[in-house]
> 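So that we are looking at the same thing, I have put the structure below in structure tokens.
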Amino acid sequence: MGRERKKIILGVTGASGTVIARQVLSDLLEVNIEIHLIISDWADQVATRETGISWDSWLRSQTGRIVLQDWNNMASPLASGSNFYDGMIIVPCSMGTLGGISAGISRNLIERAADVSLKERRPLVLVPREAPFNRIHLSNMLNLTDAGAVILPPIPSFYHKPASMEDLLAQISARILKSLNIRSENLKPWAEVSPSENQ
């Protein structure tokens, strides 16, 4: 008997970008995904500074299948390849976390679950927010791309004529979900422009 609900791991690190992570989480809940959420200690501090709302407070307002995982718990089922899930997203992904995954160092559950994703050939999407990238960052990204990960910086598109920050966040989140073959109604694909529209 097949599983009815996809299972996705969502890791949130201490890089700036709380609003992106929350948009992705909200969109996953909209499509009935079972989410295993791992929030680093630094991510919670960043969330409070950026939004004024801690992760704990924000999560109380959400409804849906969210399993909160302790990022220090290396005995979690997510740390073993014997447990199945459909993919993992790390958003935002700090350069420290990206470097740790690239080097195969599992210092916490986010890095270990990412390492498991790579070794089990499961989709892994990393959303780095650092700018600009130095050579070490780029080398780590290339190394992870060669290992099978998708590197997806949260760079917005403008062809869909976003009217607000919410529009930009929705489009970025939809592209992240698309990398895991999860359809979102927020994705505005490029459409061919007829000659008359250019006049």
Side-chain angles (χ1 to χ4, degrees), residues 1-15 17-47 53-94 96-98 100-101 104-129 144 147-152 154 172-184:
M1 183 175 179
R3 294 179 307 121
E4 296 181 358
R5 192 200 305 255
K6 281 190 173 183
K7 182 189 295 186
I8 299 295
I9 300 172
L10 180 61
V12 184
T13 75
T18 303
V19 290
I20 304 171
R22 290 179 179 174
Q23 179 73 50
V24 170
L25 180 52
S26 297
D27 290 348
L28 286 171
L29 291 171
E30 285 290 323
V31 292
N32 194 31
I33 299 288
E34 179 179 323
I35 304 149
H36 288 256
L37 181 62
I38 313 169
I39 302 171
S40 77
D41 292 343
W42 275 109
D44 200 47
Q45 294 185 44
V46 171
I53 304 172
S54 70
W55 271 103
D56 184 59
S57 297
W58 188 83
L59 287 169
R60 288 196 205 108
S61 68
Q62 304 304 302
T63 57
R65 183 66 171 142
I66 302 175
V67 180
L68 193 58
Q69 301 276 353
D70 181 352
W71 88 304
N72 288 309
N73 181 19
M74 298 297 280
S76 165
L78 303 184
S80 172
S82 62
N83 289 277
F84 187 83
Y85 52 88
D86 296 281
M88 180 175 184
I89 303 166
I90 303 179
V91 55
C93 183
S94 68
T97 296
L98 192 143
I101 299 166
I105 302 171
S106 298
R107 298 167 293 188
N108 53 64
L109 186 57
I110 291 177
E111 292 179 2
R112 174 57 187 167
D115 187 55
V116 169
S117 298
L118 292 175
K119 80 181 185 71
E120 298 292 330
R121 303 295 191 267
R122 296 174 189 163
L124 173 63
V125 181
L126 307 178
V127 185
R129 201 231 45 91
L144 286 167
V150 172
I151 307 297
L152 202 162
I172 290 168
S173 176
R175 292 182 64 192
I176 292 169
L177 267 57
K178 182 176 179 288
S179 294
L180 293 179
N181 293 315
I182 298 171
R183 179 177 292 275
S184 169

> Taking all non-hydrogen atoms of both residues into account, name the closest pair between Leu124 and Ser117 and its distance.
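Leu124 and Ser117 have their closest heavy atoms at CB-CB, 4.2 Å.
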> Judged by modelled atom types alone, do Ser106 and Glu111 share a side-chain donor-acceptor pair under 3.5 Å?
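Result is no, nothing qualifies.
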> Where is the tightest heavy-atom contact between Asp70 and Leu109, given as atom of each residue plus distance?
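That would be O-CD2, 3.4 Å.
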> May I ask you to check whether Asp27 and Ser173 show a side-chain donor-acceptor distance below 3.5 Å?
yes
> Closest heavy-atom contact between Ile90 and Ala114?
CD1-CB, 4.1 Å
> Testing Thr97, Val12, Asp115 one by one against Ile110 for a side-chain contact (heavy atoms from CB on, under 4.5 Å), which residue passes?
Thr97
> With Ser61, which residues qualify under side chain to side chain donor-acceptor pair (under 3.5 Å), at least two apart?
none
> Would you compute the distance between atom NZ of Lys178 and atom CD1 of Ile176 and round it to the nearest 0.5 angstrom?
13.0 Å
> Trp71 ring centre to Arg107 NZ or CZ under 6.0 Å, with the angle to the axis within 45°?
no
> Is a donor from one side chain sitting under 3.5 angstrom from an acceptor on the other, for Asp41 and Gln45?
no
> As an exercise, state the distance from CZ of Arg112 to CG of Leu78, rounded to the nearest 0.5 Å.
11.0 Å
> Are side-chain heavy atoms of Leu59 and Ile39 found at a separation under 4.5 Å?
yes
